[in-house]
Amino acid sequence: MAESLERRKARARALVRRLERTYPDARIALTFSNPLELLVATILAAQCTDERVNQVTQGLFKKYRTAEAYAKADLAALEREVYSTGFFKAKARAIIGMAKDLVAKHGGQVPRSLGELTALPGVGRKTANVVLGNAYGQPAIAVDTHVFRVSQRLGLAKSEDPEKVHDQLCQVIARAKWTRVSHLLTTHGRRVCTARSPACPDCPVLALCPWPGKTRAFA
DNA sequence: ATCCCGAGGG
DNA sequence: CCCTCTGGAT
């Protein structure tokens with residue numbers, strides 16, 4: 001007999017309440033409210049520290065201020081500029097391709113719907129949801145590896161498919177809380193519920209956690 | 001050595 | 001479903 005939806009929602013509420021009290025300062029690490037800047041910064045953030053993204057974007061955002069500017073950018077030059085964030089060839093290509101699409105199909109503006117965002121080259125489900133939630137104030141859960149892992153361990157989602165995890169989270173979390181929960185789960189994943197050696201003894205939701213592997217890293 | 005606030009391609 | 005792309009942190 002599977003846990004009922006109402007039961008799972010109640011569990012999720014308890015978890016979120018506790019995380020909310022533990023991480024009142026939880027927020028997205030890349031705080032660009034400008035949609036284009038947030039979009040570019042989020043693309044650069046893949047497999048890269050926030051510090052380095054902030055470092056690289058400082059110069060980048062002075063040079064490129066519009067989608068048109070990125071669309072006309074020299075590929076080799078942009079590759080050099082984003083080099084230290086890793087995946088530099090793919091990222092530079094993605095940014096230019098995305099910008100060309102913004103100019104050609106959206107008047108140089110960053111669109112506001114999930115479908116339009118993910119249709120942009122280089123923009124996937126995670127990046128699109130970051131933009132929706134943090135630049136446009138729409139309820140949106142961005143499933144990065146932290147949110148995925150923490151959701152699995154806390155039993156908020158069961159699937160191995162990130163897409164389904166996203167949907168299961170949306171099912172169990174109140175819509176108004178989506179963006180906030182995204183930040184809370186990411187913060188918890190970075191600070192405590194880490195991939196390799198989770199700090200279970202210090203975990204604020206240990207009592208609510210059904211993960212079979214909990215605390216064993218320290219046994 | 002292994003993983004990471006991903007996405008596209010085969 | 002698998003693989004690849006990359007530097008950096010641990």
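Every chain is numbered from 1 and lettered A, B, ... according to where its sequence line falls, protein lines coming before strand lines. Since the structure is predicted, the reported quantities are computational estimates derived from the model, not experimental observations. Side chains included, hydrogens not; waters and symmetry mates left out as well; all remaining heavy atoms used.
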### Query
Going by the salt bridge (Lys or Arg N to Asp or Glu O under 4.0 Å) test, which pairs reach into residues 68-93 of chain A, not counting sequence neighbours?
A:K63-A:E81
#### Entry: Any pair counted as salt bridge (Lys or Arg N to Asp or Glu O under 4.0 Å), so long as it reaches residues 153-175 of chain A, sequence neighbours left out
A:R125-A:E163
Base, sugar-phosphate alone, or nothing: which one does [X] contact when heavy atoms must sit under 4.0 Å apart?
X	result
A:L185	nothing
A:T127	sugar-phosphate
A:K126	base
A:V123	sugar-phosphate

Whole Å only: how far is the [atom1] atom of [X] from the [atom2] atom of [N]?
X	N	atom1	atom2	result
A:K91	B:dG6	NZ	P	8 Å
A:N129	B:dG6	CG	C1'	13 Å
A:H146	B:dC3	NE2	C1'	10 Å
A:R191	B:dC5	CZ	P	14 Å
A:R125	B:dG6	CZ	C1'	9 Å
A:H188	B:dC5	NE2	P	14 Å

Output side-chain donor-acceptor pairs under 3.5 Å for residues 96-110 of chain A, partner residues at least two apart or in another chain, one line each.
unit_1, atom_1, unit_2, atom_2, d
A:D101, OD2, A:K105, NZ, 3.3

Among [range], which residues get a heavy atom nearer than 4.0 Å to DNA chain B?
range	answer
residues 35-49 of chain A	A:A45, A:A46, A:Q47
residues 95-105 of chain A	none
residues 155-181 of chain A	none

### All pairs passing side chain to side chain donor-acceptor pair (under 3.5 Å) where residues 128-140 of chain A contributes a residue, at least two apart
A:N134-A:H183
### Query
Below 4.5 Å, heavy atoms only, C-beta onward: do A:V82 and A:T85 meet side chain to side chain?
yes
### Message
I'd like to check A:L169 versus A:V181 (side-chain heavy atoms, cut-off strictly below 4.5 Å). Are they in contact?
### Response
no
### Query
Would you say A:S182's side chain and A:A142's backbone share a donor-acceptor pair under 3.5 angstrom?
yes
### Task
Keeping the roles fixed (side chain from A:K214, backbone from A:C200), state whether a donor-acceptor pair exists under 3.5 Å.
no
### Query
For A:F148, which residues count as a ring pair (Phe, Tyr, Trp, His ring centres under 6.0 Å) partner, sequence neighbours excluded?
none
### Task
Identify, with sequence neighbours excluded, every residue that meets salt bridge (Lys or Arg N to Asp or Glu O under 4.0 Å) alongside A:R149.
none
#### Entry: ring-ring contact (aromatic ring centres under 6.0 Å, His included) contacts touching residues 67-101 of chain A (sequence neighbours left out)
A:Y64-A:Y70, A:Y83-A:F88
### Message
Show every ring-ring contact (aromatic ring centres under 6.0 Å, His included) that has at least one partner inside residues 184-206 of chain A, sequence neighbours left out.
### Response
A:Y23-A:H188
### Query
Taking the side chain of A:D144 as its heavy atoms from C-beta onward, which of B:dC5, B:dG6, B:dC3 lies nearest to it?
B:dC5
### Message
Between the side chains of A:R191 and A:D25, is the shortest nitrogen-to-carboxylate-oxygen separation below 4.0 Å, so that they form an ion pair?
### Response
yes
If we take the [atom1] atom in both [N] and [M], what is their distance in whole Å?
N	M	atom1	result
C:dC3	B:dC3	P	14 Å
B:dG10	C:dT6	P	16 Å
C:dT4	B:dT2	P	16 Å

### Query
Looking at CG of A:L44 and CD of A:Q55, how far apart are the two atoms once the value is rounded to the nearest 0.5 Å?
12.5 Å
### Query
Earliest and latest nucleotide of DNA chain C, 5' to 3', sitting under 4.0 Å from a non-hydrogen atom of chain A?
C:dC5 to C:dT10
